Structure formats: C-alpha cells, structure tokens
Amino acid sequence: MGLQCALRGKPSISLLVALSAFAVFCSSNQAATLYVDNHLDRSSTKTYSLANRNSAGRDGEAFKTIGGAANLARPGDQVLIRGGVYNSSRGAKENDILWPKHSGTGSSPIVFRAYDNESVVLGDASENYPADDELSIARAVVTLKDVSHIIIEGLTFKKVAGWIFARGCDHITFRNCVFEDALHGAKGTAHFIECHDCRLINCAFRRSSFDSVAIEKCERMLIENCTFNSAAHALLAIRASSNNVIRHCSLDNPFFVNGRAEKLVEVYDLKLDRRNPANPSYIEIPSYKSTRRNLFENNRFGYHPFRPNRAAQPSAIQYSGQEGIIRRNVFANPTGTQSAPETTEPQPGGVGLYVRWGGSWEGWKIKADGTGVWRGEGHEAGYVSHNRIYNNVFFGYDQGCITLPREDAMAKILNPPPMNEANPPRQFRDKFAFDDNRFVNNIIAPGPYRAHFKWKWQETLTGKPVAVVAFGLLGKFHFRNNDFHAADGRGEPVIYFHQLPSTKAQPEIVVPASRVPPDLAKSFTNNLAQPPGFVNAGAGDFSLVEKSPLIDAGAFLTTTVSSGEKSNEMRVRDPGYFYDGFGIEGEVGDMIQLEGQKENARIKRIDPKDGQITLDRPLSWKAGQGVALSYTGSGPDIGAFEQGQSIRVGVSSSPSSLPQ
C-alpha cells in the first residue's frame, strides 16, 4: 500500500534507489540459459548465435568451456552444451571440468545437458586428463563437493582419468549419460562419498580401471536402468551405505587380465582407512554394521569368467551386508561346454552369490617408520545378518550357485574390530555376527562343478551340479521352499557341506539338495527338485511356461501375528522381506497380498522393531495368515517371475534414451 501511494506522487530519491536495488536483485535471481560452445573465439560472450555458433548473435550468454559456465551457474539455470569434444585445461576460469560451484534448490535445480541432443563428449583424452591439480578433485572430469540439486544428462564422459568424484552432496542426478574408459587406476571410477538422495538413471558404464561405481557412507541412492560392462575391480561397490536401491540394471564383467577375473558387485562395511588423511577420499572413522537395508531387485547379473588355477573365484555378488533384500533377479552365467580347468582363456564360471564373512587378517604389524597398523580385510565383512534372498533365479556357474562361509571365518580376527590404529585399540561396540540369512522361493539351477585348485574336496565335486557350498554355521542360514534342478536338466543338484573343524562327526557330506539328512534339516526345509520349465533359458528367458510345476508353488514369506478387521495396521512375524520406499523421493512401498484373498494393499511404512506394517487401505485377516508380494492364482510362484504379471529383469531395451 505504501509503495502504491508513493508512486502516485513524485518518487523520492530513496525510493528510486530501493526500486533499482530490487530490480538488480530480481535480475540476479532470475533463472538463465547459459550456452557452452568450444567453437567460440573468446572465453565468453553475451551475444551468442545459436545458428552460427559464434559471438555475432542475440541468443544469450555463452562460454567457450564447461568450467566457465559451471563456475557461474545458479539455481534454476540451464547450461546447454553444444556438440563437440571438450578437454581444455587452460586454468581455473577456463577448463572443461564439470565442477559446479553453487547448488540448485528443490524447485530450481541447476541443469547441465547436451543442447538439442547433440553429441557432447567430455574427455576423449588420456589417463592423465584431468591432471592431478586444482582443476578437479581426484582427477575426476565431474567434480562435486558439498553441492546439491544438480542434474546432469545426455553427456558422454570418455577416455579420462576418472569419471565422477562427489563428496558431501545430495540430490545429484545423472540421467541418460555414458561413461567409458576411466583409465587412472583406483581413481578411474564414479565415486560418491557421504552423499544422499542421488540418482543414476538410464546410464551406461563401460571399462573402468577400478570400480565402475562406488558409494561409501551414502544413503537413499537410486541406481536404476543402468548397464555395467567391464571393470578391473567391481562394477558396483556398496560400502557402509544403507537404504539404497539397485533396480533394473544389467551387469557383465568380461575383465580378464593375466588370468585375473573380477566380481560384478560387492557389498561390505568400511574398515580402517590407511590412506593419507590428505587424500580426498580418506574416511577417518571406520563404519561397521553399517551396510543395511539395501534392495537389489529386477536386475540381470550376467557373465564373468573364472580364474584359472586360483582358490578364490569371482562372483556375481560378494555380499557382507545386514537386513538386505535380494529379490526378483536373474543370476545367469551358464558354463556350457567345458574345457580343461587349467585353460588360460576366459570362460564363464565362478559363483552366483558369495556370502562373505571374514577374510584375510594379519593382525598388528609394525611398519618401517616404527608406527603400527591393523593389517587385513576380514573385519570389513564381520556382520552378515537378517538378509532376505527370495524369488531369484540362479542359473549356471561352476563353483556352486551360492557359497556360505566357514564356521571359523572370524576366529583369528580381533573381535570386536578396531576403531583406530593403536594396540590395544578402541574397539567397536558389537561382536561379529552371522545369523538369520534366509533363502526362499528361489530357482537354483547350477552347472557342473569344476575344480580350479588342487583341493581334494573340489576334485570330489567335479562334474556334479553343485547348488550350495556351505562350511558350517547350521541354523544361521535357512533354505525354504526353493527349487533345485541342474541347469542342463539332468536331475537334482547336490549340496556340499563341510563342517569345520574336521574332527566333528560326519565332517564332509554331499547330499541331494531336496533330501537332506536330519542334521542339515535346521537349514534346509521343504525344498523341491522339479524341472522349472523356463520359456527359453538358452536365450535368457527365465520366465515359466504355463504348465510349470513352480506356478502357485511358492511359500508365503511371513505370517500375521494377530487378527485384524478392516485395519490399515498389520503386524507380521518377519517384516524384513518387505520394502516401504526407504524414504526415497518418488519411491513407493511393496504391494502385498494375504493368503486366500484377492485384495492387495500397498505398504506405506514399516516399523522393523515390532513388525508393524502400515497399509494404504484397510484389509481383514486372521492370526497366522500368510503374507506375500502381490500374486496371481492360488499362491506366489517360485522364481523371479510371477505368471500373469509384467515383471522386467535388467534394463529396458525400448526407451530411445537408453545409451547404446
């Protein structure tokens, strides 16, 4: 009202000053479109020509380098990059490192994208680009530090030292990007540290010199519809990170150098960090029992070779987490015609799911400079409990589809593990644990076993379809209602069980998977040995034919604790099978269904402590009634697919935006 009245008369000098300042404020906070074009003959221009790609136009502000635009971009700005190859490193104000210095907001993110779907390549250089200088962090061509709400899409990052370094960030999205040829050792990765609510959507990662993607101490990360192919270590590493979702991804790792092959995925805690504290990736405090509630669903875990003449073999997932869910995935690495085990050529093999507990341990060691360190890796894999592995397909492999750890795996490791480099050290609060890991409704179809090391027990198994290799810990894991059948269709697989120490009665047995003796019954109950009836396993189609005996043959995952009448609150005996969205923006919980009913409801919230599930609509039930994911027919199916439902495993091949 005061401004309106003042404007009726002659405006005062003070009012004119205020209006001028207000106009400048509005102008400075207005979202802008910035262009990047390395055809320019100067570092920046305010008279850019889109048509001619020069400085003689009226289309807005443009920069010659990506760094020039990234230095200035503010909330709501779009940075549109013209087609070309960008690898300049002239200086702090003129380089092609994508390092935003400001954050966006939830409603006004900063966006970096290719202009009009033009081909934009950052890099195409060498393992020495970016250089180890102040232009980037950890030689990453995308550097993100303490920023948020940034979207990067439609770009290719190729032939560079490292792809991404992100630390202390949130709400960062990479969409429709291609990452190829990260070249500089352990820095050749997409590395996220202490980040949350970030997304990798519809991206491709090919040929990394270490891990393709690594997330450490991260929360609520979503990795969806991505392809991974070839890494010198793991395609995906999840370390001390919780409440993350990996969905609809396809993973193959053909890496094979000097007889060394590698895994697809690894999941474990973080041990003591022996790197120099000045290293930008250094993590001061180890994180144990901190890799919890990660969801792997609808993924295709594919090819990796075996390691010739090696005791340790690669796996699709090397897993050491807590309260995780692994469901509706296809693990397929069919071994086909097998050559001699001493072959030096890459061939499919190894393990599907290697449940790791422990590892190497040397203890307290004095270095040359007189200081001491705790040396070993076993303490990063000391807490493996309450995991739910259900409704997957395991097909092929030559070292067993699933391997479980030794009874004495942690016997020589400092327990609880050390929190600092001192002797004696400050120790973690909880002792190591391996407990309550459950396998339900999986199809486990192994290939013939192949001995890669001259151990007698391996030679005994050679040629047999070995489904599970276990070394004790009976009662700490449980296989219920799984179907065991050889991948080549020739009968029932076997379970190899070796109780340690070997002085115990019946230390080593090989038994049919569905007919175990009484002393193994605490870990193997109600399993089947039926031909699954895949539509076309040879072509990678592991859905079931209409007459498959596994349709409607699945077990219900858990049961209700008490009765309920038209209620949205349900208590179940084991809520660990279900997903409520983990608080990730845009995610929704599972659709569940009760035994004997057609109605279903969506989970809104799970209280894991008392088993309370909050539903989006009221249902009625009796005490002890079975609960499963939504199903058709009289009950859930066994395997990764549900007859009558559209369930996709791996990346989508239909969207035109999927990088090729």
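Note that the structure is predicted; figures quoted are calculated from it, not measured.
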### Query
When you check the gap from the basic side-chain N to the acidic O, do Arg207 and Asp181 get nearer than 4.0 Å?
yes
### Message
One pair to check against side chain to side chain donor-acceptor pair (under 3.5 Å): Asp59 and Tyr35. What are the steps and the verdict?
### Response
CA-CA 9 Å; Asp59 295 316; Tyr35 297 96; over 6 Å; no
### Message
How about NZ on Lys101, more than 12 heavy atoms from neighbouring residues, nucleotides or ligands closer than 6.0 Å, or not?
### Response
yes
### Query
Going through the distances and angles, do Ile283 and Arg239 end up as a side-chain contact (heavy atoms from CB on, under 4.5 Å)?
CA-CA 12 Å; Ile283 296 176; Arg239 305 177 184 126; over 6 Å; no
### Message
Suppose we screen for side-chain hydrogen bond (donor to acceptor under 3.5 Å, both in side chains). Which residues come up paired with Tyr354, at least two apart in sequence or across chains?
### Response
none
### Task
Would you check if Asp273 and Glu284 make a side-chain contact, meaning some heavy-atom pair closer than 4.5 Å?
no
### Task
For atom CZ of Arg274, decide whether the heavy atoms of other residues, nucleotides or ligands shown that lie under 6.0 angstrom number more than 12.
yes
### Task
Kindly indicate whether the side chain of Phe296, heavy atoms from C-beta on, has any atom under 4.5 Å from the side chain of Cys249.
no
### Task
Give, for atom CD1 of Ile193 and atom CD1 of Ile137, the distance between the pair rounded to the nearest 0.5 Å.
9.5 Å
### Message
Between Glu153 and Arg113, does the salt bridge (charged side-chain N to carboxylate O under 4.0 Å, His left out) criterion hold? Intermediate values first, please.
### Response
CA-CA 5 Å; Glu153 57 183 341; Arg113 64 159 61 100; 2.4 Å; yes
### Message
Donor-acceptor check, side chain of Ser315 to backbone of Leu353, threshold 3.5 angstrom: yes or no?
### Response
no
### Query
Listed by chain and number, what are the ring pair (Phe, Tyr, Trp, His ring centres under 6.0 Å) partners of Phe255, not counting sequence neighbours?
none
### Query
Does Asp197 use its side chain to pair, donor to acceptor, with the backbone of Glu585 at less than 3.5 Å?
no
### Query
Is there a side-chain contact between Asp269 and Ser287 (heavy atoms, below 4.5 Å)?
no
### Query
Can you pull the ring-ring contact (aromatic ring centres under 6.0 Å, His included) pairs that have at least one residue in residues 106-162, sequence neighbours excluded?
His149-His171, Phe157-Phe179
### Message
I need the Arg648 CZ to Asn299 CG distance, nearest 0.5 Å.
### Response
10.0 Å
### Message
Does Asp616, at its CG atom, have more than 12 non-hydrogen atoms belonging to other residues, nucleotides or ligands within less than 6.0 Å?
### Response
yes
### Query
How far apart are the closest heavy atoms of Gly259 and Phe256, and which atoms are they?
CA-CZ, 3.7 Å
#### Entry: Atom pair CD1 (Ile110) and NE2 (His102), whose distance is rounded to the nearest 0.5 Å
7.5 Å
### Task
Indicate yes or no for a side-chain donor-acceptor contact from Asp211 to the backbone of Thr189 under 3.5 Å, with no hydrogens or angles considered.
no
### Message
Quick one: does any side-chain atom of Asp77 pair with a main-chain N or O of Leu34 as donor and acceptor, under 3.5 Å?
### Response
no
### Query
Looking at CG of Asn276 and OG of Ser281, how far apart are the two atoms once the value is rounded to the nearest 0.5 Å?
12.0 Å
### Query
Can you find a pair of side-chain heavy atoms, one from Asp41 and one from Asn54, that are under 4.5 Å apart?
no
### Message
Using side-chain contact (heavy atoms from CB on, under 4.5 Å), reason through Ile238 and Ile246 one step at a time and then give a plain yes or no.
### Response
CA-CA 10 Å; Ile238 298 176; Ile246 297 85; 3.5 Å; yes
#### Entry: Partner set under side-chain hydrogen bond (donor to acceptor under 3.5 Å, both in side chains) for Ser43, not counting sequence neighbours
none
### Query
Below 4.5 Å, heavy atoms only, C-beta onward: do Ser242 and Glu219 meet side chain to side chain?
yes
### Task
Measure the shortest side-chain to side-chain distance between Thr291 and Tyr268 over non-hydrogen atoms and say whether it is less than 4.5 angstrom.
no
### Query
To the nearest 0.5 Å, how far apart are OG in Ser44 and CZ in Arg42?
8.5 Å
### Between CG on residue Asn253 and CG on residue Leu235, distance to nearest 0.5 Å
4.0 Å
### Atom CG of Asp369: over 12 foreign heavy atoms under 6.0 Å
yes
### Task
Report yes or no: do Tyr48 and Asp37 form a side-chain donor-acceptor pair below 3.5 Å?
yes
#### Entry: Sequence neighbours excluded - ring-ring contact (aromatic ring centres under 6.0 Å, His included) pairs with any residue from residues 221-248
Phe205-Phe228, Phe210-His233
### Query
Okay, side chain of Thr47, backbone of Ser55: is any donor-acceptor separation there less than 3.5 Å?
yes
Side-chain polar contacts of residues 61-68 - donor-acceptor pairs under 3.5 angstrom, sequence neighbours left out - could you list them?
| from | atom 1 | to | atom 2 | distance (Å) |
| --- | --- | --- | --- | --- |
| Glu61 | OE2 | Lys46 | NZ | 3.3 |
| Lys64 | NZ | Asn38 | O | 3.3 |
| Lys64 | NZ | Leu40 | O | 2.4 |
| Thr65 | OG1 | Gly68 | N | 3.3 |
| Thr65 | OG1 | Asn95 | N | 3.4 |
| Thr65 | OG1 | Asn95 | O | 3.3 |

### Task
State, yes or no, whether a side-chain contact exists between Pro100 and Leu144 at a heavy-atom distance under 4.5 Å.
yes
### Test side-chain contact (heavy atoms from CB on, under 4.5 Å) applied to Leu98 and Leu155, step by step
CA-CA 11 Å; Leu98 206 169; Leu155 307 181; 4.0 Å; yes
### Task
Check Arg199, Arg247, Arg220 against Glu587 for a salt bridge (Lys or Arg N to Asp or Glu O under 4.0 Å) and give me the one that passes.
Arg247
#### Entry: Arg300 side chain near Asp252 side chain, heavy-atom distance below 4.5 Å
yes
### Message
Before you tell me yes or no, could you show the steps for Arg90 and Ser88 under side chain to side chain donor-acceptor pair (under 3.5 Å), namely the whole-Å CA-CA distance, both residues' side-chain angles and the distance that decides it to 0.1 Å?
### Response
CA-CA 6 Å; Arg90 292 188 181 92; Ser88 172; 3.3 Å; yes
### Side chain Asn87, main chain Gly123, donor-acceptor under 3.5 Å
yes
### Message
Tell me if a side-chain donor or acceptor on Asn294 pairs with a main-chain N or O of Ser241 at a distance below 3.5 Å.
### Response
yes
### Task
Apply side-chain contact (heavy atoms from CB on, under 4.5 Å) to the pair Tyr579 and Arg327, showing each step before the final yes or no.
CA-CA 11 Å; Tyr579 170 65; Arg327 67 184 186 190; 3.9 Å; yes
### Query
Has the side chain of Asn392 got a donor or acceptor atom that lies under 3.5 Å from a matching backbone atom of Asn329?
yes
### Task
Answer yes or no: is there a donor N or O on one side and an acceptor on the other, between the side chain of Trp163 and the main chain of Glu180, under 3.5 Å?
yes
### Message
Any salt bridge linking Glu127 with Arg139? Criterion: basic side-chain nitrogen under 4.0 Å from a carboxylate oxygen.
### Response
no
### Task
Determine yes or no for a side-chain-to-main-chain donor-acceptor pair under 3.5 angstrom, with Ser250 supplying the side chain and Val651 the backbone.
yes
### Task
Apply side chain to side chain donor-acceptor pair (under 3.5 Å) to the pair Arg328 and Asn298, showing each step before the final yes or no.
CA-CA 5 Å; Arg328 297 210 185 284; Asn298 303 117; over 6 Å; no
